[in-house]
Asks: 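There's a structure below that I have some questions on.
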Amino acid sequence: MPLTTEDMNAKMPYQHAMPADALPEIVVPDALSEGDQRMWIQQTEHVFFRPLCLNVSQGYWMNLLKVTKSGVLSRHRHPNAVHGFVLKGRWHYLEHDWEAREGSYVFEPPGETHTLVVPDDVDEMITYFQVNGTMNYVDPYGKHLGYEDVFTKIDMCRAHFEKVGLGADYVKTFIR
Ligand code: FE
């Protein structure tokens, strides 16, 4: 039976050019693999992040957060929404009675202040986070202790990639 126009169109790529001002895509293959450890940026002794997209025009970052020890990680306030998806392990917030487990999706609404804990029987957790705006680190009474935003993340990446021999500009792979 001859192919109809519809059959042929179904498998045909889009025939026009992408918009001239569209940014190039980012593809990070095997982002979870233990392959190239240089892609993981060490933040503290047991906390690492792997950048996926560092968005400077909208002020957010997508990253994998890896924690390799149980315990309290940080207390922080979010002025903007955060989306998380747990890829490995489990964690919870002291302020809530739910637990984020492997396969869980979490929406953190603007205005949330919470304290992340990795439970004693978990020796590694990895979570994919989209963080918008800033993470504002606070004490239990809300006193400001510091912050992170896409630009502090970029600075950390730049220093790290320089140190591991990829060159500071390697961070540009992830900046849009
Ligand atoms: Fe949070």
Side-chain angles (χ1 to χ4, degrees), residues 23 26-28 30-34 37-161 171-176:
L23 297 169
I26 301 174
V27 180
V28 180
D30 301 322
L32 258 184
S33 82
E34 291 301 313
Q37 288 305 303
R38 295 178 302 175
M39 295 302 119
W40 289 94
I41 288 120
Q42 187 163 25
Q43 205 161 340
T44 64
E45 194 184 353
H46 297 285
V47 179
F48 303 79
F49 74 95
R50 177 174 187 152
L52 299 171
C53 178
L54 303 164
N55 192 293
V56 294
S57 58
Q58 294 182 65
Y60 68 82
W61 67 100
M62 313 286 252
N63 69 170
L64 300 183
L65 178 72
K66 175 160 75 176
V67 182
T68 59
K69 198 185 179 209
S70 56
V72 173
L73 184 64
S74 78
R75 184 184 307 96
H76 54 266
R77 184 177 201 277
H78 294 292
N80 298 98
V82 170
H83 303 272
F85 196 94
V86 185
L87 301 171
K88 186 179 180 190
R90 296 169 5 247
W91 51 266
H92 64 274
Y93 289 125
L94 292 182
E95 294 76 7
H96 296 292
D97 56 12
W98 49 261
E99 185 176 62
R101 305 184 185 103
E102 192 171 309
S104 297
Y105 162 76
V106 176
F107 167 71
E108 305 184 359
E112 268 272 310
T113 302
H114 45 220
T115 313
L116 200 157
V117 179
V118 177
D120 287 341
D121 59 336
V122 174
D123 44 52
E124 182 170 293
M125 79 84 155
I126 299 177
T127 302
Y128 173 46
F129 276 117
Q130 183 202 356
V131 186
N132 295 286
T134 57
M135 298 256 292
N136 297 327
Y137 296 102
V138 294
D139 78 0
Y141 301 98
K143 187 179 169 223
H144 184 79
L145 301 175
Y147 75 95
E148 289 191 279
D149 64 11
V150 67
F151 301 104
T152 64
K153 287 299 193 192
I154 287 171
D155 286 345
M156 270 188 269
C157 292
R158 196 171 267 131
H160 168 83
F161 289 135
V171 70
K172 290 180 180 168
T173 313
F174 308 106
I175 296 177
R176 290 296 183 274

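Quick note: numbers below take in every heavy atom, side chains included, and nothing from hydrogens, waters or symmetry partners. Note that ligands are numbered from 1 as they come in the structure, with each ligand's atoms numbered from 1 the same way.
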Asks: Give the atom name of whichever N/O/S atom in E108 sits closest to the Fe ion (ligand 1).
Replies: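 Restricting E108 to its N, O and S atoms, the minimum distance to the Fe ion (ligand 1) goes to OE1.
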Asks: Quick one: does N55's side chain have a donor or acceptor within less than 3.5 Å of a partner on Y60's backbone?
Replies: no
Asks: For residues 116-154, which residue pairs pass the ring-ring contact (aromatic ring centres under 6.0 Å, His included) check, not counting sequence neighbours?
Replies: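 ring-ring contact (aromatic ring centres under 6.0 Å, His included) check on residues 116-154 returns W91-F129.
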Asks: Looking only at heavy atoms, what is the nearest atom pair of I154 and L54, with distance?
Replies: CG1-CD1, 3.8 Å
Asks: Which is the closest N/O/S atom of H78 when seen from the Fe ion (ligand 1)?
Replies: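 Closest to the Fe ion (ligand 1) among those atoms: NE2.
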Asks: I'd like to know if the Fe ion (ligand 1) has an N/O/S atom from E112 within less than 2.8 Å of it, counting both backbone and side-chain atoms.
Replies: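 No.
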Asks: Considering only residues two or more places apart or on different chains, which pairs with a residue in residues 79-89 satisfy salt bridge (Lys or Arg N to Asp or Glu O under 4.0 Å)?
Replies: K88-E124
Asks: Taking the Fe ion (ligand 1) as the vertex, how big is the angle to NE2 in H114 and NE2 in H76, rounded to 10°?
Replies: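 Rounded to 10°, it measures 90°.
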